[in-house]
2 protein chains.
Amino acid sequence: MSQSEKTKGKLIRSAKKIFSEKGFWDTKVSDIVKDAGVAQGTFYLYFKSKDEIFKELVLEIRNHIIEIIDKYKNADENIIKTLIDLKSEILEYLYQNKEIARIFLFQLFTKEELMQIYFETLNYIEDFDKNLIQKGVAKGVIKYPDVENIINIILGYGRRLFETEVLLKGKPLDEVKKIQKEGIQIIFKGIS
Amino acid sequence: MSQSEKTKGKLIRSAKKIFSEKGFWDTKVSDIVKDAGVAQGTFYLYFKSKDEIFKELVLEIRNHIIEIIDKYKNADENIIKTLIDLKSEILEYLYQNKEIARIFLFQLFTKEELMQIYFETLNYIEDFDKNLIQKGVAKGVIKYPDVENIINIILGYGRRLFETEVLLKGKPLDEVKKIQKEGIQIIFKGIS
DNA sequence: ATAATATGACTGATGAGTCAGTCAGAGAAG
DNA sequence: CTTCTCTGACTGACTCATCAGTCATATTAT
C-alpha cells in the first residue's frame, strides 16, 4: 500500500470514529487530524472539505446496502426465507461497521443533501421488500393487503432492533440475528 | 397576555419552526430573531442561550408524552385496546405538534444531554408497554415470550409510521390512526 | 535532484453572546 | 393638564473565540 493510501486510510478511520461519536457539527477537522496523527494541511491533500469526507462515508454505506440488495434481486426461494436472509445480511454489514451505521442512522438529518441519500437508500430497500410482499399477496400466502403498512412494520422493526440490541445493548451478532429471525416470523404470522 | 409573554411566545414559535427545518447547528439565533421580528438582544432577555431554548422545546415533548402515558397507568381494559388507545393518543399529540416531533425524532443525536432525554422518554414508553405485554404473557393471551422483542416490533413500527405516513406522505390523522390500529392488530395476531 | 508528501502557522468568516443606549407609556409632582 | 421621572421592554452594533481552509516551507522517498 502506498504512503498516500495509508494516510488517506488513517484519515477515514479517524473520521468514522469521531463523526460517529460526536456527529458532523461537533467534529472539528482538527479532531480528525489529531486522531489520525497528521497535520491539518494533510487533510486537504486528500479531501476537498469536511463536507466531502462525510459524504464519502455516507455513500460507502449506501453503496454497500444497495449491493447487498442487488444480490437478492433474482432470488426466488420462498418469500419469508429471502426476507430473513436479506435482513440478516444487512444486519451483519451494519454490525461490522457500527461507526458508519451510527452516522447513517443518526447524523444525516441536518443536511438536505445527505437526507436525500438516506431516503434514496431506504427507498431501495422498500422497493425490494414491496416487490417481495406483493408476490406473497398475489400467491395468497399473505392475507393482509396493505403492503405499505407491512413494510412499515418490517423496516421499523429492523431499524429499532439494530438501535437497541446492537448499539445500545451490544448483543453479539448471532444472538441479534436469531432475534431478528423470530421477529420476522412473528410479523409473517400476523399477516398470514 | 402581557407584552413579554407575547414576545417569548413569538420566539418559541419561530424556534420550533426553524429548528425543525434546519436542525440545531444550522439554525442561527439571528434566524430565529429575524423570523420572530425582534432584535438579537431580545432573545437573551428570555433565554440564557441557544442551547437553553432548544432544550426547552425537547422537554416540552418529553413531559407531554409522559403525561399521556401516566393517564393510562391504571387502565385495566383489555391489553390490545389499551395499547391501541395509548399509541393513538401519542400519535395524535405528535401529529398536532409536527415541528417539535421532528426535532425530537431527528435532532437530538449530537448532544449527549439531549440524547439522554430522548432515551429517558423512550424508556418510559418501553416500561409501560413491557408491563402490559407481560400481563398478556402471564394471562396466556400472548404466546411469544420474548417481551423485549415484541416491544422492538411495536415501538419500531410506531416511529416508522409517524415518519413515513405523517411526516413524509402527510396523510390525515384519522387515516394514520386507522393504519396504526391495523398494524397493532397484526402484531398481536403474530404473537398470539 | 526531483517528485511526492507532509507540515503548522496563518487568515478570514462566522456567529453566539454582550451592553450601552433608546423609547413608549405609567405614574407622581407641581 | 403638563412636566418630570421611572421602568420594563427592546435594540443592534460590537466583541471575541472558534474553525474551515490555505500556503509557503520542510521532509522523505525514489
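Just so it is clear: chains get the letters A, B, ... in the order the sequence lines come, proteins before strands, and each one is counted from 1. Computed from heavy atoms alone, side chains included, the values below leave out hydrogens, waters and symmetry copies.
When distances run from any side-chain atom of S49(A) to the nucleotides dC10(D), dG21(D), dG17(C), the shortest one goes to dG21(D).
Panel note: side chain D31(A), backbone K28(A); a donor-acceptor pair is recorded below 3.5 Å.
Distance CH2 (W25(B)) to C1' (dT18(D)): 12 Å, rounded to an integer number of Å. Between the NZ atom of K28(A) and the C1' atom of dA17(D) there is a distance of 12 Å, given to the nearest Å. Between the CD atom of E5(B) and the C1' atom of dA9(D) there is a distance of 14 Å, rounded to whole Å. Residue D26(B) contributes atom CG, which lies 12 Å from atom C1' of dG15(C) at whole-angstrom precision. Between F47(B) atom CZ and dC10(D) atom C1' there is a gap of 15 Å when expressed in whole angstrom units. Whole-Å rounding puts the K8(B) NZ to dC10(D) P distance at 13 Å.
For Q3(A) and dA6(C), the shortest distance from a side-chain N or O to OP1 or OP2 is below 4.0 Å. Remark: T7(A) is in phosphate contact with dA6(C), judged by side-chain N or O atoms under 4.0 Å from OP1 or OP2.
Note: Y95(A) and F162(A) fail the aromatic proximity criterion, with ring centroids not under 6.0 Å apart. In this structure, Y157(B) has its ring center no closer than 6.0 Å to that of Y157(A).
The pair K178(B)-D174(B) fails the salt-bridge criterion, with no side-chain N (NZ, NE, NH1 or NH2) lying under 4.0 Å from an Asp/Glu carboxylate O.
Contacts between residues 30-46 of chain A and DNA chain D, defined by a heavy-atom separation under 4.0 Å, are made by Q40(A), G41(A), Y44(A).
Among the heavy atoms of the strands, none lies under 4.0 Å from S2(A).
At least one test fails for K50(A) against the ring of F43(A): distance under 6.0 Å to the centre or angle within 45° of the axis.
Residues L168(B) and F119(A) form a side-chain contact, since some pair of their non-hydrogen atoms from C-beta on lies under 4.5 Å apart.
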